[in-house]
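One structure is given here, and the rest of the page talks about it.
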There are 2 protein chains.
Amino acid sequence: MALTDRKLKILEAIIRDYIESAEPVGSRSLSRKYELGVSPATIRNEMSDLEEMGYIQQPHTSAGRIPSDKGYRLYVDKLMEIRRTAHKNRIKMKSDILKKYGELEQLLEYTSRVLSEFTQYTSIVLAPQVKKSRLKQIQLARLSEETMLAIFITNTGLIQNPLFKIPATMKQEDLEKISNFLNKEFVGSTLEEIETRMAEDLKRELAQFHSTVYALLPEMFKTLEQVSDVTLYLSGTTNIFNFPEFNDLTKARSFLNLMEERKTISELIARQDSDKFNISIGSENQIQEAKECSIVTTTYSLDQQTIGQLSVIGPTRMDYDRVISVLGQVSKMMNDILKDK
Amino acid sequence: MALTDRKLKILEAIIRDYIESAEPVGSRSLSRKYELGVSPATIRNEMSDLEEMGYIQQPHTSAGRIPSDKGYRLYVDKLMEIRRTAHKNRIKMKSDILKKYGELEQLLEYTSRVLSEFTQYTSIVLAPQVKKSRLKQIQLARLSEETMLAIFITNTGLIQNPLFKIPATMKQEDLEKISNFLNKEFVGSTLEEIETRMAEDLKRELAQFHSTVYALLPEMFKTLEQVSDVTLYLSGTTNIFNFPEFNDLTKARSFLNLMEERKTISELIARQDSDKFNISIGSENQIQEAKECSIVTTTYSLDQQTIGQLSVIGPTRMDYDRVISVLGQVSKMMNDILKDK
DNA sequence: GTTAGCACTCTCTATTAGTGAGTGCTAATT
DNA sequence: AATTAGCACTCACTAATAGAGAGTGCTAAC
């Protein structure tokens, strides 16, 4: 069966209406509300076809239709027109506040708040990946007899301080030498580059300082990467209570449980590199608890390099237009702010 | 009216039963379940008295009684016997895991998990107060033309790195001098001590390095304090869904909203110094949204100095005995672990 | 002072009936 | 041949009703 123009028009009307009302849409109310130029009976026939094609579905025999995941997918890919300017001015205002934050953590947390405030859904902001960040400075400091603190400062504003055990025999002098060496060699490189280079030539050059250093460094970088890979900022989790589809305690609970597990969340919004929008609708999500949710993700970058992600998660009946618009603007904002640092 | 022994016995039975069942307790079922040696009719009379005295209340005329906040208060202060050893072995096991964490953040987060897991309520762990921590080391590092990174390492394992703007005229040499001076003067002192001392003699001694430093330092310490004063670790927020009294969407929502606002939470569990248990029951809480909750708080310490707090928040119908027992053990555990660092 | 007996209260759970929005089919209309 | 009007039918939702069960308070007996 072909998707005629009229079918598309009707499908779009159904989705628009359902996104707004969360109520199954009937043929009569559809013809009343939208200027489709045909009678409810005709709409009914078309709806029947659309259902057969899998774009909409009926909760029960005598109810109206609601969009299926496939329907939303079509809408998102073909029908939706993005109002790129939703909340433009108000977001601009927030931008000025954001610029004030010197600390990256605060910037990320506040960004997350802004996202959930403007979309009214739950937002997830992923911190810059250490892997993609360029090293700006390393400092090593002895803490006690046997522990050492490494301080990594990157161009993305990430500051990490992993602790390590070091042999008591290592002198302050050695630490300084190593520190100087690391700074000289690796400042400006990404961790990815450092990791590959390390395997090649670090061994040779560092062996002269201290043999344990060679064992220490790879672990050092590895720890660093692990830590920040799960660093995410959540905001607006309780917004789901605003949606009738989560007015069921079991569903609300399952969603909030999902949001309490940082590990599952990061599975849900797998890292992506493209700066386009990634939309995952309902059953397209791999994780069971998120099969009734949609996730829109975009990225933010520094020096043409994608470094982190911004996501919004809400019911499949999500206002995709607006979410995309807000995400786009906030992403642009982040890019600007990071550049100015 | 006097609180006779029999009245106390009955009150205790009511509270015990209600904590377990969450159902209003009737005279008949009470006499069946507990060996009170009197008939339901007698119990009814006593209950009537207890209600008049304000220890219990009736949800409606023909229902059983439930404890009032005043009743819980009496129970907690006088009746309850604490099973100090609840989950003793299993908590001991967790202790071994906890000891492995080198980073304070992980320790705190995991502690929070342990608390919510064993109590089945929501737990809040407050990070050590910077104010009460002793400075172990300071490092200053120039980040760019105009920004500086200060690294504070304290005896509690807290590592903070606030950013500051510094005038471009300040040289690397100056930073080192300041750094050395700060280390020499203040290592081993608490921030409280540093703050008072600074007002007195810092001015004179540091003025010789650079006049802007004098302006910089107080701000530096202040920032530091602010940051960590709101650092808290939450866990088990969704446990609230396990309790019938929160089976109401509005209530669950209001609780979870409360838990999303870090600021309000820290108001709720005001800092305390005593290492005893602080229990705040229902209406005793100042914040509206928490009037149906109880909060049990204790502290953890290092070198006889209280540095942080452990809290558990749940419905007023809380298993106070167990919560106190678990909190006590976990607190002891934290003390041990921190001491060994 | 304690207890048995009893009428009364109030919530909770089905059950029932009525309402309304919506569908699908058929036959008439364009 | 496509569209539409008409109509019987379906099903969720709401409100009303009845009955069961747990509990109370009062009175009178022990």
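By convention in this document, chain letters (A, B, ...) are assigned in the order of the sequence lines, proteins followed by strands, and residues within each chain are numbered from 1.
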In whole Å, I'd like the distance from the CD atom of B/Glu46 to the P atom of D/dG23.
18 Å

On DNA chain C, nearest-nucleotide positions of A/Ser48 versus B/Gly37: which is more 5'?
B/Gly37

Salt bridge between A/Glu109 and A/Arg113, side-chain N to carboxylate O under 4.0 Å?
yes

Is any side-chain nitrogen or oxygen of B/Arg6 closer than 4.0 Å to OP1 or OP2 of C/dT2?
yes

Whole-Å distance separating the CD1 atom of B/Ile43 from the P atom of C/dG1
18 Å

Taking OP1 and OP2 of D/dG25, is either one under 4.0 Å from a side-chain nitrogen or oxygen of B/Arg65?
yes

Indicate, with yes or no, if the rings of B/Phe246 and B/Phe241 have centres closer together than 6.0 Å.
no

Would you please confirm or rule out a distance under 4.0 Å between OP1 or OP2 of D/dG23 and any side-chain N or O of B/Ser29?
yes

By the 4.0 Å heavy-atom rule, please label A/Ser27 as base, sugar-phosphate, or nothing.
sugar-phosphate

Within 6.0 Å of CD in A/Glu289, more than 12 heavy atoms from elsewhere
yes

In whole angstroms, how far is the C1' atom of C/dG22 from the CD1 atom of A/Ile56?
13 Å

What residue among A/Leu74, A/Leu3, A/Leu11 forms side chain to side chain contact (heavy atoms under 4.5 Å, CB included) with A/Met53?
A/Leu3

Starting at CZ of B/Arg44 and ending at C1' of C/dA4, how long is that distance when rounded to a whole Å?
9 Å

Could you state the atom-to-atom distance from NZ of A/Lys33 to P of C/dA21 in whole Å?
14 Å

When the distance from CD of A/Gln57 to P of C/dG22 is rounded to whole Å, what number comes out?
17 Å

Starting from P on C/dT2, measure out to CG on B/Leu36 and report it in whole angstrom.
13 Å

Under 3.5 Å: donor-acceptor pair, side chain of A/Thr298, backbone of A/Leu327
no

Is any side-chain N or O of B/Arg28 under 3.5 Å from a base N or O of D/dG23, one able to act as donor and the other as acceptor?
no

Taking the six-membered ring for Trp, are B/Tyr121 and B/Phe243 closer than 6.0 Å centroid to centroid?
yes

From CG of A/Leu50 over to P of C/dT23, roughly how many Å is that when rounded to an integer?
12 Å

Grab the N/O contacts between the protein and nucleotides 7-14 of chain C below 3.5 Å, and write none if there aren't any.
{"from": "C/dT9", "atom 1": "O2", "to": "B/Ser62", "atom 2": "OG", "distance (Å)": "2.9"}
{"from": "C/dC10", "atom 1": "OP1", "to": "B/Thr61", "atom 2": "OG1", "distance (Å)": "3.3"}
{"from": "C/dC10", "atom 1": "O4'", "to": "B/Ser62", "atom 2": "OG", "distance (Å)": "2.6"}
{"from": "C/dC10", "atom 1": "O2", "to": "B/Ser62", "atom 2": "OG", "distance (Å)": "3.2"}

Going by distance alone, is a donor N or O of one side chain under 3.5 Å from an acceptor N or O of the other, for A/Ser280 and A/Asn285?
yes

